[in-house]
Amino acid sequence: GALWCIVDDNIERQKDSLSSGAIDAVVCTFIMHPAATATLTNACGVFSNLSGAAPLAEAIANAQGVSVIADAVRNNVGAISFLEVACLTLRNIVTIHPTYADEASLAISPILEAMRKHIDATNFHKEACSLLWVLAAESESCHSKIVALDGISVLVLSLEANRHDPEFEEAAKGAFYAISSEH
């Protein structure tokens with residue numbers, strides 16, 4: 001909770017927090033509390049806020065943020081609130097810095113598994129679809145992995161179950177087109 005002080009609309013204050021080791025502290029939180037989903041959700045919430053700005057997204061990625069988030073996703077498949085924020089954070093980073101798509105790909109299998117198990121979690125599905133869309137569009141290996149893991153059928157099930165939400169539908173259709181197209 002104390003790290004929420006760096007969640008601020010002022011980019012300069014956020015950058016100042018970087019020089020104070022805030023990102024490293026959040027990364028340590030992921031490492032020290034790998035199964036504490038409430039803590040992981042809060043830590044990832046900090047990263048999701050920061051990752052919308054290019055220099056901060058790069059700082060998170062350079063501090064091994066992408067790999068610790070992907071690892072936490074693999075170990076917490078049932079924590080839907082955490083997975084939702086993790087998808088948002090990974091999407092932000094990969095959108096700004098596509099070179100981290102392959103590192104984020106470690107989260108693809110557990111994300112698809114969680115989508116299958118929690119078909120009615122619309123907000124999670126929206127963020128998961130947005131992440132899959134970016135990963136498939138930015139990386140041939142991510143695209144291939146999603147296809148190999150039967151991601152298209154998961155998206156079809158997701159669309160059928162959650163089509164009542166227009167924001168979800170946009171994300172799901174974007175993911176579907178990115179995954180179903182040839183790279």
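The first residue of the sequence shown is numbered 1, and numbering continues consecutively from there.
- No donor-acceptor distance shorter than 3.5 angstrom exists from the side chain of Ser139 to the backbone of Leu135, with no hydrogens or angles considered.
- Residues Val46 and Val73 share a single hydrophobic cluster, defined by chaining ILVMFWY side chains whose heavy atoms lie under 4.5 Å apart.
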Evaluate side chain to side chain contact (heavy atoms under 4.5 Å, CB included) for Phe168 paired with Phe124, printing each intermediate quantity in order. CA-CA 9 Å; Phe168 160 78; Phe124 161 65; over 6 Å; no

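- Side chain to side chain, Glu113 and Ser109 fail the donor-acceptor criterion of an N or O pair below 3.5 Å.
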Kindly list each side-chain donor-acceptor pair under 3.5 angstrom involving residues 76-86, sequence neighbours excluded, with atom names and distances?
| from | atom 1 | to | atom 2 | distance (Å) |
| --- | --- | --- | --- | --- |
| Asn76 | ND2 | Pro34 | O | 2.9 |
| Asn76 | ND2 | Ala72 | O | 2.8 |

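- Atoms OG1 and CG, on Thr37 and Asn42 in that order, are 10.0 Å from each other to the nearest 0.5 Å.
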Just list the side-chain donor-acceptor pairs under 3.5 Å for residues 52-67, sequence neighbours left out, or say none.
| from | atom 1 | to | atom 2 | distance (Å) |
| --- | --- | --- | --- | --- |
| Asn62 | OD1 | Tyr100 | OH | 2.7 |
| Asn62 | ND2 | Glu58 | O | 3.3 |
| Ser67 | OG | Gln64 | O | 3.1 |

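- Heavy-atom minimum distance, Ala137 versus Ala178: N-CB, 4.4 Å.
- Minimum heavy-atom separation, Pro166 to His164: CD-O, 3.5 Å.
- Donor-acceptor pairing under 3.5 Å is recorded for the side chains of Asn162 and Thr122.
- In this structure, Phe30 is a member of the same hydrophobic cluster as Leu90, with clusters built from ILVMFWY side-chain heavy atoms closer than 4.5 Å.
- Residues Leu149 and Val154 are members of one and the same hydrophobic cluster, defined by side-chain heavy-atom contacts under 4.5 angstrom among Ile, Leu, Val, Met, Phe, Trp and Tyr.
- Interatomic distance, OH of Tyr177 versus CH2 of Trp133, reported as 10.5 Å (0.5 Å rounding).
- In terms of modelled atom types and a separation under 3.5 Å, the side chain of Lys126 and the main chain of Glu167 share no donor-acceptor contact.
- Distance check, rounded to the nearest 0.5 Å: CD1 of Ile146 to CD1 of Ile179 gives 4.5 Å.
- Summarising the geometry of Cys44 relative to Thr89, their closest heavy-atom pair is O-OG1, 3.3 Å, with the distance given to 0.1 Å.
- The NZ atom of Lys173 sits 12.5 Å away from atom OG of Ser180, with the distance rounded to the nearest 0.5 Å.
- Leu88 is not connected to Leu50 by any chain of hydrophobic side-chain contacts under 4.5 Å among Ile, Leu, Val, Met, Phe, Trp and Tyr, and they are in different clusters.
- Checked by atom type and distance alone, the side chain of Asn49 never pairs as donor or acceptor with a backbone atom of Gly45 at under 3.5 Å.
- Donor-acceptor pairing under 3.5 Å is recorded for the side chains of Ser153 and Asp150.
- In the model, His125 has a side-chain atom that pairs as donor or acceptor with a side-chain atom of Ser158 under 3.5 Å.
- Rounded to the nearest 0.5 angstrom, Leu40 CG and Phe47 CZ are separated by 11.0 Å.
- Results of the side-chain contact (heavy atoms from CB on, under 4.5 Å) test with Ile93 over Ser51, Ser48, Pro98 single out Ser51 as the only residue that passes.
- The hydrophobic cluster containing Ile108 does not contain Leu157, counting ILVMFWY residues as joined when their side-chain heavy atoms lie under 4.5 angstrom apart, directly or transitively.
- Note that CG of Asp71 is 4.5 Å distant from CZ of Arg74, once rounded to the nearest 0.5 Å.
- Under a 3.5 Å cut-off, the side chain of His143 and the backbone N or O of Glu138 do not form any donor-acceptor pair.
- In this structure, Ala136 and Cys142 approach most closely via the heavy-atom pair N-CB, 4.5 Å.
- A side-chain contact (heavy atoms from CB on, under 4.5 Å) with Cys129 holds for exactly one of Leu155, Leu159, Ile111; it is Leu155.
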Step by step, work out the side chain to side chain donor-acceptor pair (under 3.5 Å) result for Ser141 and Asp102. CA-CA 7 Å; Ser141 64; Asp102 290 334; 2.5 Å; yes

